[in-house]
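The chains referred to below are lettered A, B, ... by the order of the sequence lines, with proteins before strands, and numbering in each begins at 1.
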Amino acid sequence: MINITLPDNTVHQYQSGTSGLEIAKNISEGLARNVLSVKVDGEVWDANRKINKDARIQLLTWNDLEGKATMWHSSAHLMAEAIEQLYPGVKFGIGPDIENGFYYDIDTGDKVLTDADLLTIEKKMIEIARGKQAFIREEVSKEEALRHFTQKGDEYKMELIGELTDGEITLYKSGSFTDLCRGPHIPDTGFIKAVKLTSIAGAYWRGDEKRKQLTRVYGITFPKAKELEEYLVLLEEAKKRDHRKLGKELELFTFSQKVGAGLPLWLPKGAQLRERLEQYLKQVQKEAGYLPVITPHIGNVNLYKTSGHFDKYGADSFRPITTPVEGEAFFLKPMNCPHHCEIFNTKPHSYKELPIRYAEFGTVYRYEQSGELHGLTRVRGFTQDDAHIFCTPDQIKPEFKAVIKIIMRIFKALDFNDFITQISLRDPKTPEKYIGSNENWEKAENAIKEVAIEEGLNTITVEGEAAFYGPKMDFMVRDAIGRKWQLGTIQVDYNLPERFDLTYIGSDNEKHRPVMIHRAPFGSMERFVAVLIEHCAGKFPIWLAPEQVIILPISEKYQKYAEKVSQFLINSDIRALIDDRSEKTGRKIRDAEMSKIPYMLIVGEKEESKNQVSVRKQGDGDLGIFSLESFAEMINSEVKRLQEVK
RNA sequence: GCCGGUGUAGCUCAGUUGGCCAGAGCAGCUGAUUUGUAAUCAGCUGGUCGGGGGUUCGAAUCCCUCCACCGGCUCCA
């Protein structure tokens, strides 16, 4: 007998060799019908795998992330089986579950899969799923595994097996399809009721662009058809928040083929929005002791040779600009730090001056691969809310903390609650990718880790994501369709001070090397605005809204009064405009609602006679009648409240 | 850069067995209407059918090529 502990801490005795599924049946038939897999002492197993030891178990269903993952992983197998039946001879790479569904990388040989084929595959999957094929786990030796895939001629699987340890290899068989797989899987394909293959894409084998590109098919499955429908509706809703769509609709920014791909053009409303964000941050930075600097858009190639960027990125940059006579070469500046180093170097510094914080909204240009460009989130010309802090080694921690404070203040003011804080460290396996001494790297990495703990930040740590010159802490958020983007960043740099030979005179009257901290709370104005648009679905907080109030006179007769209201608001520092078209009020309201202007003021006979306005809030409807003064007061206090988060 | 897809008016989209001067709604303009909480009516303007090349008596439609955009991959100082 074995002792099985359930999540409620009750202990039950079962025969050794009882499966999770059998335990579920013992609890209730209904539960058993929904069990996808089982967690045994923290490891997810097949629901029908025999348990031979005392264990703490948790039965996993569609309501558990791990249950979903099991189902999706099994769905990848189901799809592979369908594809193999439809297009014999294809070879398979890897086919994992992902956050929303699964994919499988496939070498389809000469067959090119298209969207039309996806429908055929979906049908086949449903057909196979209905057959309720069991997933059968089989432990095999390395030799047997190799034999199976050699016979099949699948070199990808053979490569994978070659890296596995003999004795730890399992195959999973379902229907006509056998796959190298560590599992676990759902009991049978019958759990899969709804299938949607979402897209088709190229993906390099093992993520290496020098190796063969396989065809990746993405899909998602559900235990009920209704859930698939709901998922598709959700996707549609998310698309409505897409900043590229809203940016066009709200006239915030645009792109022009003539100007060039990845070079955003800010329209008046977008420019106003961005300027307000910049003004806000400038104020915050002023309070925090930053000094403004301004540097040009190009810099001599030698500047980047000194900084090390030329060696690292020169080949992948826009080609240098050359002069007609002297034969000099200049780069469009890809970052501001080398310029700021030269500013630091204009005169000797005392330790008493440090930290020195140079801030600049600096526009930089980077050559991004054409396939990478994406709305405002990935562009070739963008403006960083950049600053470089030159400090003593002892000041790193307090300065780092002060920057975190600024970032948190901004995120709070904009209601960004759902972000990820990532600490990016070196990849210890490829030290050649980084410049700077081991000792300095360790110092910097430790400083960041300590600050994160001391500030109580909930962080994830990723090795190999550091910049080539130092470790960093990034603040990331998700866009409307779930993609992660880096916004704020704080980076420690021991390297540039070396390369630019930056020094300060310490209390000992000796020269010392300062440390640099690069930081950008927004990251780039372009990306930040993109994420902000998606975050608020285009309904900006009132202090940022390009237009705050629109006045809707009932008819031409009240035009004069509308102008009076408008003047009053403008004098009260409120951005107001008048809809003086000869349209019905319903129409004016509809148009104002759709352009997401926060407040509508309807004025007619009633209002004019008492010097009042009827207030309608975007999305919320009628708020009733206000005097001009009390409305202005309400708006101004709302603006103040939102902006003054500390 | 790579794989797959898309590209028709400012916007959203019809228009594929190749064939009258390429269509609709919205937006815009003009006029009528003077309007009370999500679309008043009428008329008009507007398109090198992404660019270039080719096949054909004839191309938005077929072929080639380039560009941009979309979904991924790789990359991201």
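Look at NZ on A:K248: it is 9 Å from C1' on B:rC69, rounded to the nearest Å. Summarising the geometry, the separation between NZ on A:K239 and P on B:rU6 is reported as 15 Å, rounded to the nearest angstrom. A straight line from CD1 of A:I200 to P of B:rG4 spans 9 Å, rounded to a whole angstrom. Between A:E583 atom CD and B:rU37 atom C1' there is a gap of 15 Å when expressed in whole angstrom units. Rounded to whole angstrom, the span from the CG atom of A:D474 across to the C1' atom of B:rA77 amounts to 12 Å.
A salt bridge is defined here as a Lys NZ or Arg NE, NH1 or NH2 lying under 4.0 Å from an Asp or Glu carboxylate O, and A:R590 with A:E593 fails to meet this definition. For the pair A:R357 and A:E399, the salt-bridge criterion is met [side-chain N within less than 4.0 Å of a carboxylate O].
Between the side chain of A:Y218 and the base of B:rG4 there is no donor-acceptor pair of N/O atoms closer than 3.5 Å. In this model, no side-chain donor or acceptor of A:E251 finds a partner on the base of B:rG10 within 3.5 Å. No hydrogens or angles were tested; on distance alone, a donor-acceptor pair under 3.5 Å links the side chain of A:S582 to the base of B:rU33. Judged by distance alone, with hydrogens and angles left aside, A:R216 brings no side-chain donor or acceptor close enough to the base of B:rC3 to form a pair under 3.5 Å.
Going from the C1' atom of B:rG15 to that of B:rG47 covers 14 Å, rounded to whole Å. For the C1' atom pair drawn from B:rA59 and B:rC20, the interatomic distance equals 15 Å after rounding to whole Å.
Closest to the A:Q257 side chain, of the nucleotides B:rU34, B:rG72, B:rG7, is B:rG7. Between B:rU35, B:rA77, B:rA39, one nucleotide has an atom nearer to the side chain of A:P334 than all others, and that is B:rA77. You'll find that the side chain of A:M594 is closest to B:rA38, out of B:rG1, B:rA38, B:rA27.
For B:rU12, the OP1/OP2 oxygens have no side-chain nitrogen or oxygen of A:K245 closer than 4.0 Å. Distances shown here put every side-chain N or O of A:S199 at or beyond 4.0 Å from the OP1 or OP2 atom of B:rG72. At the phosphate of B:rG72, neither OP1 nor OP2 sits under 4.0 Å from any side-chain N or O atom of A:H374.
Between the side chains of A:D479 and A:W485, at least one donor N or O lies within less than 3.5 Å of an accepting N or O.
Proximity of the aromatic rings of A:F344 and A:H388 is defined here by a centroid distance below 6.0 angstrom, and this criterion is not met.
Relative to the six-membered ring of A:Y103, A:R216 meets both conditions, a distance below 6.0 Å and an angle of at most 45° to the axis.
Put simply, A:Y313 rests on the base of B:rA77: the two rings are less than 5.5 Å apart at their centres and nearly parallel, under 30°.
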